[in-house]
Amino acid sequence: MELLAYLLAVLIGISLGLIGSGGSILTVPILVYILDIDPILATAYSLFIVGMTSLAGGISQTISKQVDYKMVLLFGIPSIIMVLFTRGYIMPHIPQEIGRVGDFVLTKGMFVMVLFAVIMLFASVSMIRSKEKTFVAEKQRYDNKSIILKGAFLGVITGMVGAGGGFLIIPTLVLFAGMQMKKAIGTSLMIIAFNSLIGFIGFVEIDGHEVDWRLLFLFSIAAIMGILIGTLLSRKISGSNLKISFGWFVLIMGIMILVREIVDI
């Protein structure tokens with residue numbers, strides 16, 4: 001099962017390299033359902049894995065001049081603040097047993113996985129419905145306030161479910177900042193990298209958990225190999241077609257997680 005997880009980690013990297021998103025959507029379910037890691041711990045591990053993988057991809061995109069560092073700061077700073085706040089002050093105060101109705105008990109782990117699945121469903125619909133023209137950059141002024149608010153919202157999501165949020169970042173950069181798709185992907189990778197890695201540091205420092213570094217490094221190396229492959233493939237594959245196909249995959253994954261959590265009930 002561990003070997004299967006590493007092979008799937010390569011797919012995580014390919015996803016990030018091709019469309020700048022999807023890493024966490026794949027990482028958390030793999031850690032939880034294949035490696036049998038606690039959902040709360042899996043969200044933290046996901047931050048490290050996706051962060052390291054995105055950083056490798058972001059460096060590669062920087063060399064190709066496909067990263068807008070002004071936007072990384074504008075979007076990333078409020079997001080990072082909210083990641084640290086969420087990991088340090090919101091998550092620790094969510095009780096292990098959130099609620100009980102008869103024999104049904106809503107646990108913290110179940111809540112995180114259901115929330116994650118719901119986000120996946122919304123993200124998949126957005127990707128499936130998107131047309132090529134939706135992601136054609138238009139010359140607009142930067143809507144700084146909107147971008148800052150979306151960055152803060154992304155930070156809360158990243159902190160709670162370990163999702164880097166590329167599926168939220170890229171449409172924001174294209175539609176609100178008038179950024180070309182290729183540059184939006186590169187910029188997204190750097191934002192994801194900073195958000196995720198700082199969120200993971202907050203997890204280690206604030207929560208004081210023991211970390212399985214061997215698993216994290218092996219998983220990350222496999223994913224980094226994948227992102228290098230994905231970056232090369234992205235030059236030959238239509239981004240819009242790939243986004244729609246990935247949207248269907250995310251939809252299926254989200255439904256499967258919801259079904260599994262409901263069956264466990």
Side-chain angles (χ1 to χ4, degrees), residues 12-25 47 50-84 123 126-127 130-159 163-200 223-224 226-228 230-240 242-243 246:
I12 292 169
I14 291 174
S15 169
L16 283 167
L18 283 170
I19 59 174
S21 65
S24 304
I25 285 173
L47 292 174
V50 174
M52 291 297 294
T53 308
S54 298
L55 181 61
I59 292 171
S60 175
Q61 294 284 7
T62 297
I63 295 171
S64 303
K65 298 182 179 179
Q66 294 295 339
V67 178
D68 183 337
Y69 278 97
K70 177 183 176 182
M71 192 56 62
V72 170
L73 294 175
L74 185 63
F75 199 104
I77 289 176
S79 182
I80 288 169
I81 292 171
M82 292 309 298
V83 167
L84 292 175
S126 174
M127 287 185 282
S130 65
K131 304 294 184 182
E132 180 70 25
K133 63 181 180 181
T134 305
F135 292 95
V136 174
E138 301 174 3
K139 295 298 181 182
Q140 303 175 13
R141 292 187 304 169
Y142 283 8
D143 185 349
N144 290 349
K145 182 178 179 181
S146 177
I147 291 172
I148 290 171
L149 289 174
K150 285 179 171 59
F153 172 73
L154 172 70
V156 175
I157 298 300
T158 300
F167 54 84
L168 297 174
I169 297 172
I170 291 175
T172 300
L173 295 179
V174 173
L175 298 176
F176 289 89
M179 192 176 291
Q180 294 289 338
M181 186 66 182
K182 292 289 185 181
K183 182 162 283 190
I185 290 174
T187 303
S188 170
L189 289 175
M190 291 307 293
I191 293 171
I192 292 169
F194 290 135
N195 281 359
S196 300
L197 291 175
I198 290 176
F200 178 77
I224 288 171
I227 201 169
L228 296 178
T231 301
L232 293 175
L233 291 176
S234 67
R235 300 169 186 171
K236 302 178 181 180
I237 300 177
S238 166
S240 60
L242 182 65
K243 184 172 286 291
F246 186 76

Undergrad: Is there side-chain contact between I147 and M71, with at least one heavy-atom pair below 4.5 Å?
TA: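 Side chain of I147 against side chain of M71, heavy atoms only: contact under 4.5 Å found.
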Undergrad: Say whether, by atom type as modelled, one donor and one acceptor occur between the side chain of T187 and the main chain of V67 under 3.5 angstrom.
TA: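 Checked: no pair found.
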Undergrad: Step by step, would you call L189 with I227 a side chain to side chain contact (heavy atoms under 4.5 Å, CB included)?
TA: CA-CA 11 Å; L189 289 175; I227 201 169; 4.2 Å; yes
Undergrad: Please give me the minimum heavy-atom distance between P78 and L73, naming the atom from each residue.
TA: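 That would be CD-O, 4.2 Å.
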Undergrad: Minimum heavy-atom separation for V50 to S196, with atom names?
TA: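 Between these two residues, the closest heavy atoms are CG1-OG, 4.3 Å.
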Undergrad: Is there a side-chain contact between Q66 and I185 (heavy atoms, below 4.5 Å)?
TA: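 A side-chain contact is absent here, since even the closest heavy-atom pair is not under 4.5 Å.
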Undergrad: Where do L55 and A193 come nearest, in terms of heavy atoms and distance?
TA: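 That would be N-CB, 3.5 Å.
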Undergrad: At what distance, to the nearest 0.5 angstrom, does CD1 of I224 lie from OG of S54?
TA: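 So the CD1 of I224 and the OG of S54 are separated by 9.5 Å.
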Undergrad: So, S79 side chain and G151 main chain: donor-acceptor pair closer than 3.5 Å or not?
TA: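 Yes, because the side chain of S79 sits within donor-acceptor range (under 3.5 Å) of the backbone of G151.
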Undergrad: Kindly give the heavy-atom pair with the smallest separation between K65 and K183, and that separation in Å.
TA: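 That closest heavy-atom pairing would be O-CE, 3.7 Å.
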Undergrad: Is the shortest side-chain heavy-atom distance between L47 and L197 below 4.5 Å?
TA: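 A side-chain contact is absent here, since even the closest heavy-atom pair is not under 4.5 Å.
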Undergrad: Give, for atom CG of N195 and atom CD1 of I80, the distance between the pair rounded to the nearest 0.5 Å.
TA: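 N195 CG to I80 CD1: 5.5 Å, rounded to 0.5 Å.
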Undergrad: Could you tell me the separation between the CZ atom of F200 and the CE atom of M52, rounded to the nearest 0.5 Å?
TA: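 Answer rounded to 0.5 Å: 10.5 Å.
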Undergrad: Would you compute the distance between atom CE of M190 and atom CG of D68 and round it to the nearest 0.5 angstrom?
TA: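 Those atoms lie 12.0 Å apart.
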Undergrad: Taking side chain as C-beta onward, heavy atoms only, is T62 less than 4.5 Å from Y69?
TA: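 Result yes, sub-4.5 Å side-chain heavy-atom pair found.
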